[in-house]
There are 2 protein chains.
Amino acid sequence: MLLSKSCMYGLRASVLLASRENAEFVTIRELSDELNISFYFLTKVLQQMTKANLLESYKGPNGGVKLAKPAGEIRFMDVVIAIDGLKSLNECALGLPGCGVMKPCPLHEQWSALKTDMLNMMESITLKQLSIHERTAKASDQTIDIKNRINTFFEPN
Amino acid sequence: MLLSKSCMYGLRASVLLASRENAEFVTIRELSDELNISFYFLTKVLQQMTKANLLESYKGPNGGVKLAKPAGEIRFMDVVIAIDGLKSLNECALGLPGCGVMKPCPLHEQWSALKTDMLNMMESITLKQLSIHERTAKASDQTIDIKNRINTFFEPN
DNA sequence: ATATATTAAGACATAAGACTCTTTAATATG
DNA sequence: CATATTAAAGAGTCTTATGTCTTAATATAT
């Protein structure tokens, strides 16, 4: 598993938030209901994102969370770093602490190449693009609306 | 973490075995000492590989384990599948159970492309190539011999 | 003020992964 | 045959990730 479950949950919630253009606060309860993620657990995850200034939160009635920046300015990678940490993106495939250019493990070169592609992807894709992907998919298949497209995934896992 | 620790340990041990051309049984104790991996834990991991017919084991004096096939015929991927399972190579980046061509998650395409590259890599690289990499690295830097190259990594992690 | 809605924080519970030890089975050697 | 050497199997323990609950803090509305 490349990303932790926490991170996956954070990403799913982020994309859902990004798809809500009109940017008012959304309650975590609503997010957890739509995404079929434990409310308690999702709360913890989103707290991390709030601390990392990716989300803005507001307590009390009409409170909730929303993206702290336009969806186009939050990169996939930002979410991953906020939740799983930078280290998770830098690991040697064999888990060797000293692995690097100076002391490459047998897989270093091949793995580095893949990692570069992966990091490029994570760096270039924004939440906006991910949410737009949802919308275009919707446009091309009118039988499935955004909410369904997202929700159908969220069977209990 | 893409691969489990068990899997990393299995790969490290495999590469070490592959670098021992002359293919007599090597004791797990010797492997665990050289790789600085817990003997007990490595034993469990290698048992999985034995069950998967990647290793051959032999009990009693002069016993140990060795590759069940020529190193050139054991792919990186075989070790990963034996230890982490096929499922680990097939996961959706967001952990969505139904994700696929028919019901792609927002990241499906990009992630699929990366996964294809990764699987190609895992499929094409054999233990022989990984062990040869060790040897050529040795040749290009005579101050570091194979054992040191491998061992220097194995600080406690 | 009081009641209500919400996130934050911290404590707790459960599950999975990582690691350890003991016993058993197989084999070799004297 | 007796002893030593090794992996296999199974039963633990420890740690980390995941998931749940309770209380506190903050805001709104009446």
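Note: hydrogens, waters and symmetry copies are ignored here, and every other heavy atom, side chains too, is used.
Atom-to-atom distance recorded for B:Leu31:CG and B:Arg20:CZ is 6.5 Å, nearest 0.5 angstrom. The distance from the CD1 atom of A:Ile83 to the NZ atom of A:Lys5 is 14.5 Å, given to the nearest 0.5 Å.
For residues 80-114 of chain B, no residue pair satisfies the ring-ring contact (aromatic ring centres under 6.0 Å, His included) rule, not counting sequence neighbours.
What separates CZ of A:Phe39 from P of D:dT20 is a distance of 12 Å, to the nearest Å. The distance between atom CE of B:Met1 and atom C1' of D:dT16, rounded to the nearest whole Å, is 10 Å. The separation between B:Lys5 atom NZ and C:dT20 atom P is 10 Å, rounded to whole Å. In this structure, A:Glu30 places its CD atom 10 Å from P of C:dT6, rounding to the nearest Å. Atom CE in A:Met49 sits roughly 14 Å away from atom P in C:dT7 (whole-Å rounding). The distance between atom CD1 of B:Ile83 and atom C1' of C:dA16, rounded to the nearest whole Å, is 17 Å. Here the C1' atom of nucleotide D:dA7 and the CD1 atom of B:Ile28 are 6 Å apart, to the nearest Å. When rounded to the nearest whole Å, the span between CG of A:Leu35 and P of D:dG19 equals 14 Å.
The environment of CD in A:Glu109 is sparse: at most 12 heavy-atom neighbours from other residues, nucleotides or ligands sit within 6.0 Å.
Put simply, the side chain of B:Arg12 reaches to within 4.5 Å of the side chain of A:Leu96, judged on heavy atoms. When side chains are defined from C-beta on, B:Met1 does not count as touching A:Ser88, because their heavy atoms never get closer than 4.5 Å. With a 4.5 Å cut-off on side-chain heavy atoms, A:Thr126 and A:Glu73 do not count as touching.
Contact detail for A:Ser57 and A:Phe25: the closest heavy-atom pair is C-CE2, 4.0 Å.
The stretch residues 40-48 of chain B comes close to DNA chain C through B:Tyr40, B:Phe41, B:Lys44, each having a heavy atom under 4.0 Å from the strand.
Using a 4.0 Å cut-off, some side-chain N or O of A:Ser38 falls inside it from OP1 or OP2 of D:dT20. Contact check, A:Ser57 against C:dA8: a side-chain N or O comes under 4.0 Å of OP1 or OP2.
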Practice task
Sugar-phosphate atoms are those with a prime plus P, OP1 and OP2; base atoms are the rest. Using that split, label each nucleotide of nucleotides 25-30 of chain D B, S or - for protein heavy atoms under 4.0 Å, 5' to 3'.
Solution key: BBBBS-
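Ion pairing between B:Arg29 and B:Glu34 fails under the 4.0 Å rule for side-chain N and carboxylate O.
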